[in-house]
Student: 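Can you read through this structure? Questions will come right after.
Just so we're on the same page: letters track the sequence lines, and every chain starts at 1.
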There are 2 protein chains.
Amino acid sequence: MVCMSKIVVSANGSKKEAIIKKAAGLFRQKGFAGTSMRELAESIGVEAPSLYNHIGSKIELLQNICFKVANEFMLHLHETEQQSNSTIGKLKQIIQFHIQMMVNEYDEVFVANHEWKQLKDPYLTDFLLQRKAYEKKLIDIVKEGIKTNTIKNIHPQIAVLTILSAVRGLEFWQGQKNQMEVLELEKNMIDHLLNGLVK
Amino acid sequence: MVCMSKIVVSANGSKKEAIIKKAAGLFRQKGFAGTSMRELAESIGVEAPSLYNHIGSKIELLQNICFKVANEFMLHLHETEQQSNSTIGKLKQIIQFHIQMMVNEYDEVFVANHEWKQLKDPYLTDFLLQRKAYEKKLIDIVKEGIKTNTIKNIHPQIAVLTILSAVRGLEFWQGQKNQMEVLELEKNMIDHLLNGLVK
DNA sequence: AACAAAAACTAATAAGCGTTAGTTTTGTGG
DNA sequence: CCACAAAACTAACGCTTATTAGTTTTTGTT
């Protein structure tokens with residue numbers, strides 16, 4: 001029988017990357033354990049064993065997704081830290097980046113947020129350490145703001161938890177992605193998280 | 001061979017409820033698809049087929065967990081609505097209830113938040129409708145606050161999204177559950193969400 | 001003590017899983 | 001146009017899955 005098709009690869013992306021992209025979409029919709037390699041293959045238009053010409057294993061797909069996302073966040077945070085911006089300015093910039101990541105790389109961010117538990121050691125431990133390090137840096141920024149008297153004397157860890165949780169919730173914004181909406185979303189959420197709800 | 005043991009049932013709870021409780025713990029840790037009936041049975045101290053003397057199927061366990069949580073939240077919201085409390089007072093009360101549910105029924109709330117996607121119709125549709133109805137009621141409360149001039153003219157849907165997401169984030173508070181910590185958590189998060197971070 | 005119901009057990013089912021082996025087709029450069 | 005490599009295919013493996021059937025043990029009541 002003839003080939004069902006070939007793996008379509010977008011401009012300057014490897015076939016492996018095309019598979020990872022599709023996997024991210026399915027893992028988001030049905031979860032890592034809930035997605036089979038046969039489903040993934042079918043969504044690409046290929047038989048399951050053909051995937052193994054390009055990837056090593058199913059779990060490797062999850063590793064790629066999780067660490068790509070983690071690295072992007074960490075990289076942006078490093079850049080933000082090195083700028084000579086006010087504490088509030090830094091926080092605004094970070095929240096804005098989270099929102100943009102949620103819009104532009106929705107599947108990947110969602111999977112990294114929800115399916116990292118399925119990682120196996122040593123990747124699981126690595127991932128958690130990286131997350132912890134990210135949170136610590138955020139907490140330090142809030143502490144700096146408290147020290148310089150631009151932020152209320154709130155519990156820094158809880159504040160960071162609240163902010164990170166709030167931006168994670170954009171998962172539910174799903175549907176509409178036009179730029180107008182995104183800008184309004186950014187504006188409202190940043191204002192809510194920094195200035196509160198009460199008049 | 002003799003029985004491994006019998007299902008231990010806590011005071012005035014059926015064996016089915018004991019199974020559901022254990023399932024909630026495992027589903028939280030490993031996900032619905034990632035948890036096998038054999039694992040569940042083993043954690044109870046019984047062989048897998050024995051479970052079917054008390055439950056109908058694996059998916060039925062998930063249904064029970066998801067709808068129990070959804071009903072509890074909806075019930076509390078109804079009670080809050082009917083009180084003659086200020087808008088801000090209502091919001092405080094709702095946030096507080098979410099935090100308490102997260103502490104007292106952590107496994108169940110977590111599973112309802114993460115694994116509802118694995119429900120099959122008609123349960124999936126029912127669940128989503130119930131969620132939508134809950135959010136709508138919250139949005140109406142915020143709108144009421146804007147109308148009576150006690151809440152800023154913020155986008156109500158985004159405000160509700162931010163609040164719900166923030167309390168969901170308590171999933172990560174996991175570890176410590178002593179009452180002292182919980183009270184401080186409540187105080188800080190409510191203050192942050194209502195009054196903001198900026199001094 | 002005997003009987004009935006509840007709840008455990010063992011054994012087995014069909015289906016689905018990730019993955020490997022081996023083969024055939026496809027695409028490419030000399 | 002031929003040869004070589006890349007990438008698809010089919011077939012199958014060993015394992016796990018949820019669930020059913022049939023049997024034995026436990027429990028509770030008369």
Student: Does A/His54 make a side-chain N or O approach to OP1 or OP2 of D/dA8 shorter than 4.0 Å?
Tutor: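 So the side chain of A/His54 is within the cut-off, an N or O lying under 4.0 Å from OP1 or OP2 of D/dA8.
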Student: What pairs meet the side chain to side chain donor-acceptor pair (under 3.5 Å) rule with one or both residues in residues 70-79 of chain B, with sequence neighbours excluded?
Tutor: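 Matches after skipping sequence neighbours: B/Asn71-B/Gln130.
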Student: So, does the side chain of A/Asn53 form a donor-acceptor pair with the base of D/dA6 at under 3.5 Å?
Tutor: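 For A/Asn53, whose side chain was compared with the base of D/dA6, there is no donor-acceptor pair (under 3.5 Å).
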Student: Roughly, in whole Å, what's the span from CG in A/Leu51 to C1' in C/dT20?
Tutor: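 One finds 14 Å between C1' of C/dT20 and CG of A/Leu51, rounded.
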Student: May I have the distance from B/Lys16 (atom NZ) to C/dA6 (atom C1'), rounded to whole angstrom?
Tutor: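 After rounding, the gap between these two atoms is 16 Å.
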Student: Rounded to whole angstroms, how far apart are CD1 on A/Ile19 and C1' on D/dA8?
Tutor: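 After rounding, the gap between these two atoms is 12 Å.
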Student: Is there any salt bridge (charged side-chain N to carboxylate O under 4.0 Å, His left out) pair reaching into residues 108-131 of chain A, and which pairs are they, with sequence neighbours excluded?
Tutor: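 Those involving residues 108-131 of chain A are A/Lys21-A/Glu108.
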Student: Given side chains that start at C-beta, do those of A/Ser86 and A/Thr150 come closer than 4.5 Å, heavy atoms only?
Tutor: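 Counting from C-beta outward, A/Ser86 and A/Thr150 never come under 4.5 Å.
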Student: Whole angstrom is fine here: how far is it from CD in A/Glu47 over to C1' in D/dA11?
Tutor: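 Going from CD in A/Glu47 over to C1' in D/dA11 covers 12 Å.
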Student: A/Leu26 has an atom CG; how far is it from atom P of C/dC17, in whole Å?
Tutor: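 In whole Å, C/dC17 P lies 12 Å from A/Leu26 CG.
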Student: B/Tyr134: what forms a ring-ring contact (aromatic ring centres under 6.0 Å, His included) with it, not counting sequence neighbours?
Tutor: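 Listed in chain order: B/His98.
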Student: Scan for ring-ring contact (aromatic ring centres under 6.0 Å, His included) pairs involving residues 20-45 of chain A, sequence neighbours excluded, and state none if there are none.
Tutor: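 Only A/Phe27-A/Phe32 qualify under ring-ring contact (aromatic ring centres under 6.0 Å, His included).
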Student: Kindly write out the residues that satisfy ring-ring contact (aromatic ring centres under 6.0 Å, His included) with A/Tyr123, not counting sequence neighbours, or none if the list is empty.
Tutor: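 By the ring-ring contact (aromatic ring centres under 6.0 Å, His included) rule, A/Tyr123 matches no residue at all.
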Student: Below 3.5 Å between N/O atoms, which protein atoms pair up with nucleotides 15-19 of chain D? Just atom names and distances, please.
Tutor:
{"unit_1": "D/dA18", "atom_1": "OP1", "unit_2": "B/Thr35", "atom_2": "O", "d": "3.3"}
{"unit_1": "D/dA18", "atom_1": "OP1", "unit_2": "B/Met37", "atom_2": "N", "d": "3.3"}
{"unit_1": "D/dA18", "atom_1": "OP1", "unit_2": "B/Lys58", "atom_2": "NZ", "d": "3.0"}
{"unit_1": "D/dA18", "atom_1": "OP2", "unit_2": "B/Met37", "atom_2": "N", "d": "2.8"}
{"unit_1": "D/dA18", "atom_1": "N7", "unit_2": "B/Arg38", "atom_2": "NH1", "d": "3.2"}
{"unit_1": "D/dA18", "atom_1": "N6", "unit_2": "B/Arg38", "atom_2": "NH2", "d": "3.3"}
{"unit_1": "D/dT19", "atom_1": "OP2", "unit_2": "B/Tyr52", "atom_2": "OH", "d": "2.4"}
{"unit_1": "D/dT19", "atom_1": "OP2", "unit_2": "B/Lys58", "atom_2": "N", "d": "2.9"}
{"unit_1": "D/dT19", "atom_1": "O5'", "unit_2": "B/Tyr52", "atom_2": "OH", "d": "3.3"}

